[in-house]
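Chain A is the first sequence line, chain B the second, and so forth, proteins listed ahead of strands; every chain is numbered from 1.
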Amino acid sequence: MLTKSIETTLAEAWEKLKLSPVSFSVDPSERPEYGDFSSNIALVGAKVAGSSPRDLAARIIVSLPQDAFSRVEIAGPGFINLHLKPEMIHACLKGMLDDEGGFGPRQIGAGTKLQVEFVSSNPTGPLTVGHGRQAVLGDVLSSLYASLGYDVSREYYFNDEGHQVDLLAQSLWARYRQAHGADASIPEQGYQGDYLIEIAQQIKDDVGDAYPTFDEVASAFFRKRGVTVIKEMIKDDLAQLGVRFDNWFSEEDLHRRGEVDAALEALKEREGTYERDGAIWLRAEENGGIKDSVLIRSDGRPTYLMVDIAYHIDKFRRGLARVIDVQGSDHHVEQSCMQAALKILGYPQDFLSYAVHQFVSIVEGGKTLRMSTRAGRFVLLRDLTSELGRDVVRYFMVARKPETHLQFDLDLARAESLDNPVYYIQYAHTRIASIFRKAQQVVDPRVVDLSPLAASAELDLIKQLDSFPQVVEEAALRFAPHLLAEYALNLARAFHAYYADHRVLGEESGLMQARLALLTAVQRVFKRSLEILGMSTPEMM
RNA sequence: GCGCCCGUAGCUCAGUGGACAGAGCAACGGCCUUCUAAGCCGUCGGCCGGAGGUUCGAAUCCUCCCGGGCGUACCA
C-alpha cells in the first residue's frame with residue numbers, strides 16, 4: 001500500500017534526525033499541485049525538533065532516499081508534498097493484480113470468533129423501515145468484519161417471552177373474536193396493526209370457535225400461534241432484503257435452561273446486587289453504568305435487563321471473543337447497565353461493544369411519519385423493498401452515518417430511481433463488463449506491461465484502488481459502513497470521468513492491454529465493495 | 001432538570017487538528033457517426049447554529065448558550 005510505504009520511508013528519515021518519535025499522517029493530496037501524497041510530519045514534529053516546520057521539513061527531505069519520488073516540495077506552513085514516480089504507482093497496481101483474490105484489507109481478525117447481533121425485534125409484528133436500517137447496518141458490518149478475517153456469525157435474538165408477547169396474544173385473540181363477528185376490543189397497549197386480522201382469519205379457519213374466552217389455554221395457544229407466524233414474517237422480510245442470519249436465538253431457551261437464575265446467582269456472588277422495595281437491583285452506577293436498574297421485580301419476574309445479562313453470559317460461554325450489538329440510540333441506559341454487569345462479572349472490557357444508530361423517519365409529501373408498531377402507524381420494510389428493490393433500499397439505509405437521523409424521503413427515492421447513486425455505481429461496473437465482452441482477446445493482466453498508463457486520470461484511479469483496504473478497515477473499526485458506500489460512489493465518479501476521456505478498445509495494443517489490466521482491478525474493487533454492501537453487480541443494465 | 005446524539009450550500013448529506021470547506025439532488029448552460037448518454041464537462045450556490053477558549057493551525061478538541069431527536073419505567 002502506498003500510504004503505508006510512504007509512512008515507513010518518512011519514519012526512517014525521521015529516525016536519522018535522532019529525535020523522539022512523533023505521530024504524523026500521510027494522506028492523498030487534496031489538489032494535484034500538492035503532489036500525490038502529503039505529510040504533516042514537519043508540522044507535528046516542529047516542537048520536538050525546536051525549529052520551524054519549514055526548516056525541519058528541509059532537514060527531513062535531505063535524508064529521503066533519492067529514488068523514491070520524482071519531486072518533493074515544502075509547501076504552505078510546512079507540509080511535505082510528495083510526487084510519486086509513475087513506476088511506483090504501476091508497481092502498486094501490479095501488486096493488486098498479482099494478489100488476485102487476496103487484494104484486500106489486512107487480516108487483523110485472524111479467525112477471531114465475533115458475533116454481530118442485530119434487529120432482534122420482538123416477534124409481535126412485521127418489520128418496519130426502522131428495523132430495515134438496523135438490518136442493513138448489521139449485515140454490512142458483519143461483512144466488513146468478515147473481510148478483515150474475523151470468523152463472523154450473525155445472530156437474531158427473539159424476545160418470545162414476557163409482557164409484549166402477552167399483549168400480542170390478547171390482540172390476536174381480539175381479532176379472532178372479531179372474525180367471528182363478536183365485539184372484542186384490542187387492549188389499550190396492544191397491537192393495532194392490520195396484519196393480525198389475516199392471522200386471526202387463518203386461525204378461525206383452522207380451529208373454528210374453539211376459544212370463546214381468553215383463558216389460560218387460549219392465551220397459550222394464541223401466544224404460540226402468533227409468535228410462530230410472525231417469526232416467519234420477519235424472516236421473509238429479511239430474506240427479501242438479502243439479510244441472512246446464522247442463528248436465531250430464543251429467549252425462551254434461556255429460561256428453560258435456567259440460565260437466568262444462574263446469571264442472577266453469579267451477580268449476587270460478586271455483590272453486584274442489592275434489595276430495595278422488594279425488588280433486586282443491579283449496582284450499575286458504581287460500575288460505570290448510568291443508573292441502577294431493577295433485575296427482579298417485586299413480584300419475582302425478571303426484567304428484560306436481567307434476561308439480557310443471562311443472554312450475554314451465554315454468548316461468552318459459546319466461545320465468542322467479541323460481540324457487537326447493533327441497537328437504536330434509545331437503549332443507551334440499558335447499554336451502560338449491561339456493560340456494568342459484565343464488569344461486575346469480570347468479563348474482558350472489549351468483549352461487548354454497541355454499534356448505535358439513530359432512527360429512520362419516512363418523509364412523504366413533505367410530511368414526516370412518526371412510526372409506532374403498536375399504534376399500527378408504520379411503513380413496512382417489505383413494502384419499501386418491493387417498491388424500490390433490494391439494492392436501492394440497502395444503499396439508502398447504509399449511505400448515512402449511523403448516528404445521524406435518516407430521513408428517508410419516499411418521494412425522492414421513487415423519483416430518483418433512475419439517476420440514483422445505486423445505478424450510478426452499478427453502471428460503472430456494467431460499463432467495464434461491457435468492454436470486456438467486446439474485447440476480442442483475453443490477456444492475463446498479471447503479465448501486462450503497465451508502463452503505458454501515463455494519464456493522470458488513470459494514475460489517480462490506481463491510487464483510489466490502493467486505498468480500498470484502508471477504507472474497509474476503518475469502516476469496520478468505526479462502525480461506519482457509510483464510508484464504504486461513499487468510497488464506491490467516488491470510485492464510480494472517477495471511473496465515469498476516465499471513461500469519457502479515454503478509450504480502451506481500438507488503442508494501440510500495448511496501451512489497450514495496460515488499460516484492460518487497469519479495468520480488471522477497478523472491476524474487482526467494485527465487485528468487492530458491492531458484495532460487502534450486499535448489492536448486486538449487474539453485467540448489463 | 002439531568003444524560004446521550006445531531007445542527008455544514010435551497011434540500012439530503014460527506015468531511016473525528018492541517019493548506020482556498022466537498023458531493024449528490026434542485027436551478028441554468030454545453031457534449032451522442034466512436035467501448036451502454038442510467039454518462040461527461042461547466043455555471044450558480046456557504047459568517048460550518050451562536051459566543052468564548054485551547055494552539056503554529058479548529059467544521060473537527062474544551063466551556064457556556066440556542067435549536068432538534070432520543071432517553072430519564074419494577075416496558076422491551
Side-chain angles (χ1 to χ4, degrees), chain A residues 25 27 29-31 33-34 38-40 43-44 46-47 52-53 75-79 81 120-122 124 159 161-165 167 189 251 276-281 290-291 293-308 328-336 356-359 361 363 396 399-409 412 415-428 430-439 478 480 482-483 485-486 489-490 492-493 495-507 512 515-516 519 540-541:
Chain A
S25 64
D27 298 296
S29 301
E30 282 174 24
R31 294 156 200 281
E33 61 267 33
Y34 295 162
S38 306
S39 177
N40 66 351
L43 290 160
V44 297
K47 195 163 270 176
S52 81
F79 289 101
N81 291 335
S120 296
S121 155
N122 292 335
T124 52
N159 295 119
E161 276 279 318
H163 188 52
Q164 297 307 317
V165 177
L167 285 171
Q189 298 293 309
E251 178 185 350
R276 198 178 77 203
D277 306 328
I280 300 176
W281 295 68
I290 292 170
K291 53 182 288 192
S293 301
V294 171
L295 294 170
I296 305 292
R297 300 178 178 89
S298 47
D299 65 5
R301 288 155 50 230
T303 58
Y304 173 85
L305 173 63
M306 181 66 247
V307 183
D308 206 23
S329 62
D330 54 335
H331 286 62
H332 98 270
V333 172
E334 149 86 13
Q335 288 159 7
S336 78
V356 176
H357 67 91
Q358 290 286 348
F359 300 105
S361 46
V363 182
F396 272 67
R400 301 280 174 253
K401 245 191 321 203
E403 61 266 35
T404 57
H405 289 94
L406 175 59
Q407 301 241 5
F408 206 115
D409 189 329
L412 200 72
E416 271 191 357
S417 59
L418 271 190
D419 55 353
N420 201 293
V422 175
Y423 302 129
Y424 184 84
I425 297 167
Q426 291 178 329
Y427 187 46
T430 300
R431 276 180 148 175
I432 297 172
S434 174
I435 290 175
F436 280 117
R437 269 197 307 277
K438 295 228 158 125
R478 280 176 51 194
H482 70 285
L483 295 176
E486 195 173 71
L489 188 61
N490 284 330
R493 215 189 311 285
F495 169 76
H496 284 307
Y498 174 69
Y499 180 92
D501 287 342
H502 302 84
R503 287 196 58 82
V504 177
L505 304 182
E507 292 288 347
M512 180 176 77
R515 287 186 172 166
L516 284 172
L519 293 193
M540 275 187 270
M541 287 174 77

Between B:rG22 (C1') and A:Leu489 (CG): distance, integer Å: 12 Å
hbond_proxy A:Ser298 side chain to B:rC74 base (donor-acceptor, 3.5 Å cutoff): yes
Minimum-distance nucleotide (side-chain atoms of A:Ile435 versus B:rC70, B:rC74, B:rC35): B:rC35
Selected nucleotide, minimal atom distance to A:Asp277 side chain, candidates B:rA14, B:rA76, B:rC74: B:rC74
Check: A:Arg431/A:His496 side-chain N/O donor and acceptor closer than 3.5 Å: yes
Nearest-angstrom distance, C1' atom, B:rA14 to B:rG46: 15 Å
Near-parallel close stack of A:Phe359 and B:rG69 base (under 5.5 Å, under 30°): no
Aromatic ring proximity, centroids under 6.0 angstrom, A:Tyr34 and A:Phe79: no
Plane angle bin for A:Phe359 and A:His357 - parallel if under 30°, tilted between 30 and 60°, otherwise perpendicular: perpendicular
Nearest-neighbour nucleotide for the A:Val44 side chain, B:rC5, B:rC74, B:rG18 considered: B:rG18
Shortest side-chain distance from A:His496, nucleotide among B:rG68, B:rA19, B:rC40: B:rC40
Touch class at under 4.0 angstrom, heavy-atom based, for A:Tyr34 against every strand present: base
Nucleotide nearest A:Tyr423 when distance is taken to its side chain, options B:rA38, B:rA19, B:rU12: B:rA38
For atom NE2 of A:His357 and atom P of B:rG69, their distance in whole Å: 19 Å
